[in-house]
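This report refers to the structure that appears directly beneath it.
Order of the sequence lines fixes the chain letters, A, B, ..., with proteins taken first and strands second; residue numbering starts at 1 for each chain.
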Protein chains: 2
Amino acid sequence: MAQPKEKYHHGNLRQALINAGQQLLIEKGIHCLSLRETAKAAGVSHTAPYRHFKDKDMLLAAIAESGFEQLAEALQNAAESCADDPEKQLTEAAVTYVKLAITHIEMHQLMFGNILNEDSMSESVLEKKQRVFDTLFKIIENGQKQNIYIEAETLELAVAAWSLMHGYALLISSGQLREAATSLMQIETLARAVTTHLMVGLVKSEKFAEEV
Amino acid sequence: MAQPKEKYHHGNLRQALINAGQQLLIEKGIHCLSLRETAKAAGVSHTAPYRHFKDKDMLLAAIAESGFEQLAEALQNAAESCADDPEKQLTEAAVTYVKLAITHIEMHQLMFGNILNEDSMSESVLEKKQRVFDTLFKIIENGQKQNIYIEAETLELAVAAWSLMHGYALLISSGQLREAATSLMQIETLARAVTTHLMVGLVKSEKFAEEV
DNA sequence: ACCTGAACACCGTTCAAGT
DNA sequence: ACCTGAACACCGTTCAAGT
């Protein structure tokens, strides 16, 4: 009785394939994740997945779905842990984003590495992906309401913040910043520094005082 | 006489393979670029490339090399076009970076999409890659010398700037910002806005005046 | 030295066939 | 309905063999 979806020989082959695929992704990397091996790991023939996914991309998107969910939730938690301090909210969100990205490099690459085609994402995947950006957007919006952030377009500020943390995470995870930061602690410290630079700006404020 | 490297039936099979590969990369995308097709396009058997490249990754790295070179040069030109104005230098570098990334999406993805293994890059590739970051670093350094940018670690500021433009370019090229900007003009406008936000900061400067 | 062709162990996908 | 096995057209890589 338990679950309503008792099937052929799996309780739920769809979910079993997603789990097996996620496991393989973590263990062997995105470029060694094959449909055939995923099916084998789930104990079915290599054509069985086609009962549940139109093609390989659809399986990958389904695997990424839980990643988007997890990321949105982590950002949400980070934001809620310091709801009274918008600046800290943004810093913590950035650190959370970067940490999650580099501790789940393969998953992050699947999610944001241009591997998934937007067309091969179901509505529920797109919705979860959107939630990631929405969380960030709300942090900025909140900071503007509390009169901490400048009154520019919220979207512009959110894109700036997202670009910064996303770019930083990718530069780290692709090894481009190996000379600047290697240990997890250095990476986090640099992440905080970089986020602060965005909040405070690169240009000397005295200069603006002069100009204005 | 011309070139010293007159070979079997190609003047220079190595270069012919790089060119053919680059062509295929642009036409069909990184995931449809195969060694076998590249060899075929260059008019040799599918095993001939192994005379010139240890494996497929080495061929890909060689293709990316010219991309790094081109990018470093474009950034250099952008910087030189306004050597007297550090703020403009950074904005123009960012716009140049983003433009090049999105007009050569496939190449940019090969260069920065975590496809190439650092280990499978020759010294000359690594050196050209480094030049990209160096150009950016020098723009910041120059701005600091001219007393325009704050006196923090140059490396931190350069990483912030690079993260921002890199993240923005990748978010654009992977379609994550389709709702925020679609046309090339919108993309450029948003790039300028985002770069300005980094330079000026998200946090209201009055707030700092109060605090200090 | 430089290139080829056959061979190997993999892919993703399709399709007729089985229960 | 759900799954299988053979088949197809691709991969990257190795290796003995050709000139």
Residues in side chain to side chain contact (heavy atoms under 4.5 Å, CB included) with B:Glu151, at least two apart? A:Lys204, B:Asn147
Donor-acceptor pairs under 3.5 Å, side chain of residues 184-198 of chain B to any protein atom, not counting sequence neighbours: which ones?
| unit_1 | atom_1 | unit_2 | atom_2 | d |
| --- | --- | --- | --- | --- |
| B:Gln186 | OE1 | B:Thr182 | N | 3.0 |
| B:Gln186 | OE1 | B:Thr182 | OG1 | 2.9 |
| B:Gln186 | OE1 | B:Ser183 | N | 3.1 |
| B:Gln186 | OE1 | B:Ser183 | OG | 3.4 |
| B:Glu188 | OE1 | B:Lys99 | NZ | 3.3 |
| B:Glu188 | OE2 | B:Arg192 | NH2 | 2.9 |
| B:Thr189 | OG1 | B:Met185 | O | 2.8 |
| B:Arg192 | NH1 | B:Glu92 | OE2 | 2.8 |
| B:Thr195 | OG1 | B:Ala191 | O | 2.6 |
| B:Thr196 | OG1 | B:Arg192 | O | 2.8 |
| B:His197 | NE2 | A:Glu156 | OE1 | 2.8 |

Run the side-chain donor-acceptor check on residues 66-80 of chain B: report pairs under 3.5 Å with partners two or more places apart or on a different chain.
| unit_1 | atom_1 | unit_2 | atom_2 | d |
| --- | --- | --- | --- | --- |
| B:Ser66 | OG | B:Ile63 | O | 3.3 |
| B:Gln76 | NE2 | B:Glu80 | OE2 | 3.0 |

How are the rings of A:Tyr97 and A:His108 set to each other: parallel, tilted or perpendicular (split at 30° and 60°)? perpendicular
Which nucleotides of DNA chain D pair, in dot-bracket form (Watson-Crick or G-U under 3.5 Å, | meaning another strand): ||.|||||...|||||.||
Once base and sugar-phosphate atoms are separated, protein heavy atoms under 4.0 Å mark nucleotides 7-17 of chain D, 5' to 3', with B, S and - as B---BBBB---
Examine A:Phe133 together with A:His166 and report whether their ring centres are nearer than 6.0 Å. no
Any side-chain to backbone donor/acceptor pair from A:Ser120 onto A:Leu116? Under 3.5 Å, distance only. no
Partner of B:Thr154 under side-chain hydrogen bond (donor to acceptor under 3.5 Å, both in side chains), picked from B:Lys145, B:Lys138, B:Gln144, is B:Gln144
Applying side-chain hydrogen bond (donor to acceptor under 3.5 Å, both in side chains) to B:Asn19 and not counting sequence neighbours gives B:Gln15
A:Arg14 CZ - D:dC2 C1' separation (whole Å): 16 Å
